[in-house]
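Reckoned from all heavy atoms, side chains included, excluding hydrogens, waters and symmetry mates.
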Amino acid sequence: MLNYFKLIVLAIITLAAAMAANFAHDGAYQIHAIIIVLVAGGLFIHTLRHTNDAPKPAETGYMDGVVRYGVIATCFWGLAGFLVGTYIAFQLAFPILNLDLPWTTFGRLRPLHTSAVIFAFGGNALIATSFYVVQRTTAARLWGGNLSWFVFWGYQLFIVLAATGYLLGVTQGKEYAEPEWYVDIWLTIVWVAYLAVFMGTLIRRKEPHIYVANWFYLAFIVTIAMLHLVNNLSLPVSIFGSKSVQLFSGVQDALTQWWYGHNAVGFFLTAGFLGMMYYFVPKQAERPIYSYKLSIIHFWALIFLYIWAGPHHLHYTALPDWAQVLGMTFSIVLWMPSWGGMINGLMTLSGAWDKLRTDPVLRMMVVSIGFYGMSTFEGPMMSIRAVNSLSHYTDWTIGHVHSGALGWNGMVTFGALYFLTPRLWNRERLYSLSMVSWHFWLATIGIVLYASSMWVTGIMEGLMWREVDAQGFLVNSFADTVGAKFPMYVVRGLGGVLYLTGAIIMCVNLWKTVTSSPAKASDAVAVPAE
């Protein structure tokens, strides 16, 4: 009966998408409609061919197939995002690399890079690790049957629609929220399914206690849903076109955007990845979390304070002063719980610090915690109005974002991938710890080159912008600042090359782990059937 319902739904979607492709007002919308026709039509044929298949016996044990696919998708999108990021870094140093094609310009590749590393690389890492962690910490199989597969493949479709849209010039022009209205609606459907799978698994748990990592994952899922819905409130100009009009305008739109934008950092790139930290660091170190009480304080302080910090992106704008001060104040206070979490993560290694000499995976995780601490000190400092007057709109902000993204999010994800791969594919060990060490040093040096070059050029840029002569006139033109930054832009590009090279080495290592490492004798305990 369920298959017949699927066939009806898929047929309706295929027909509607075909009509949309026929009546499309712009080429990008038409291409996206054709993609939907191909996906929905292909699923219709697949479902039809298997309609009368005998029902499969109910599976027991953990549902790790979707996690394996998540690991593969994380590696793939990571390489894609890092490659595009490195290319656009060199575009800023050598503008000739923009070429003469509209879809190879910095303006179109930059949001492609941003979404690829945040939502494709980071999002797949969060979905995969949350599915892995919630099963292990609840002793329950993922809820919803194949709904988790819908989440995975639906999210990949969202990534493809968003990425092709950027290349074709379809964008809302909102930072971290560029996809247009129909892609936003699809992501909402997928995200609700994700929440249902995660919450359903927690509800059916066999462990009475909810481990703290799940608290962070759940806060990330719920808050991102709220942010996404409010910030993307818009009306399409036509149901057969990609263009839409935002419901908010002016300063209200700006405030809503940076309430969303900063909390996308706070909950997507911080809370979700803290869920990773609180599970994978103790597991890799083989030590209990240093202070469980501190982890709970960290959680509640972080989620209460972070939501108020967005206005610090709008200093010296039309936003009322009280709102700017509110954002600055909460940003400064955020430093305390953030460092509480950092200390908790680092102190988990108490009694196991010697493992850093022999375990490059743990070394990677510890360095990621260090970058988390550094970024969560630098961020509150940059939110202070006097500092912000120098740093904002300069490359200092770019350096800050990338030291956190590459150092904190990237390194903890790499550590999680190294932890997961041998276990998910039932291998004795990673193929090569030496390759992990190479990855660690290449990534670390790449981050240092990238961040330090942007710190130097950002502060220089800010000082040049405010330099005046005896008559009070600006000394430097904008072109002067661009010329002065050239050497540091080359250094940034080289840092990206090192980081990308490390990621390629990781992917080779993980591939060889799956295909060449000896299999491990199975000692898994099946989850009791419901």
Side-chain angles (χ1 to χ4, degrees), residues 58-67 70 125-149 151 191-226 267 270-304 306 337 340-341 343-345 347-352 365 369 412 415-416 419-420 423-424 522-530:
E59 296 183 18
T60 59
Y62 295 131
M63 192 172 182
D64 284 342
V66 68
V67 184
L126 288 168
I127 291 172
T129 57
S130 65
F131 282 167
Y132 182 88
V133 170
V134 74
Q135 292 185 92
R136 266 65 182 182
T137 55
T138 61
R141 185 177 172 85
L142 287 177
W143 179 85
N146 287 327
L147 191 59
S148 58
W149 283 107
V151 173
W191 209 257
V192 169
Y194 181 24
L195 175 62
V197 172
F198 196 85
M199 279 295 297
T201 309
L202 285 178
I203 291 170
R204 72 191 294 189
R205 69 187 184 277
K206 297 178 180 63
E207 292 289 337
H209 181 73
I210 299 177
Y211 183 62
V212 68
N214 293 320
W215 291 39
F216 280 98
Y217 279 125
L218 186 59
F220 138 70
I221 298 169
V222 171
T223 310
I224 290 299
M226 175 183 69
F267 287 87
T270 302
F273 285 87
L274 285 170
M276 274 194 219
M277 182 195 82
Y278 274 117
Y279 181 83
F280 291 106
V281 171
K283 291 290 286 186
Q284 188 68 24
E286 298 180 316
R287 302 287 298 172
I289 196 71
Y290 174 68
S291 171
Y292 201 78
K293 184 181 292 185
L294 181 57
S295 70
I296 301 302
I297 295 171
H298 179 204
F299 172 81
W300 286 111
L302 193 81
I303 66 166
F304 176 75
Y306 228 122
I343 292 168
N344 207 11
M347 292 302 291
T348 297
L349 272 73
S350 296
M365 293 179 177
I369 298 171
V412 75
F419 177 92
L420 287 172
R423 290 163 176 82
L424 289 172
S522 179
D523 57 357
V525 178
V527 180
E530 294 299 317

Here the gap from R141 atom CZ to S148 atom OG, rounded to the nearest 0.5 Å, amounts to 8.0 Å

Exercise. Is there a donor-acceptor contact under 3.5 Å from the side chain of T201 to the main chain of W143?
Worked result: yes

In terms of heavy-atom contacts, P282 and I289 come closest through CG-CD1, 4.0 Å

Whether the side chain of Y279 engages the backbone of Y211 through a donor-acceptor N/O pair (distance < 3.5 Å, no angle test) should be reported. no

- prompt: Are F299 and L274 side-chain neighbours, meaning at least one heavy-atom pair lies under 4.5 Å?
  reply: no

| Do Y194 and S130 meet the criterion of a side-chain donor-acceptor pair at a distance under 3.5 Å? | yes

F267 side chain reached by M226 side chain, heavy atoms, under 4.5 Å: no

Within the 4.5 Å heavy-atom criterion, are M63 and F131 side-chain neighbours or not?
no

Checklist entry - Taking the side chain from R287 and the backbone from S350, do they hold a donor-acceptor pair closer than 3.5 Å? => result yes

Quiz item: Are the side chain of W215 and the backbone of I210 linked by a donor-acceptor contact shorter than 3.5 Å?
Solution: yes

dist Y62:OH -> T138:OG1 (nearest 0.5 Å) comes out at 7.0 Å

Only one of N344, V133, T348, N214 passes side chain to side chain contact (heavy atoms under 4.5 Å, CB included) with Y278, and that residue is N344

### Message
Contact between L142 and V66 at the side-chain level, heavy atoms closer than 4.5 Å - yes or no?
### Response
yes

When rounded to the nearest 0.5 Å, the distance separating CZ of R423 from CG of D64 is 12.0 Å

Heavy-atom closest pair (A301 atom, P337 atom, distance to 0.1 Å) is CB-CB, 3.5 Å

Are the side chain of R205 and the backbone N or O of L202 linked by a donor-acceptor pair below 3.5 Å? yes

Value for CZ (F273) from CD1 (I369), rounded to nearest 0.5 Å, stands at 14.0 Å

Check your understanding: With a 4.5 Å limit on heavy-atom distance, are the side chains of I303 and F216 in contact?
Key -> no

Rounded to the nearest 0.5 angstrom, the CD1-OG distance for I297 and S291 is 7.0 Å

Output for pair (K283 NZ, M365 CE), nearest 0.5 Å, gives 11.0 Å

>> Does any part of the side chain of M199, heavy atoms only, come nearer than 4.5 Å to the side chain of L218, both counted from C-beta?
In response: yes

Side chains of F220 and L126, heavy atoms from C-beta outward: is any pair under 4.5 Å?
yes

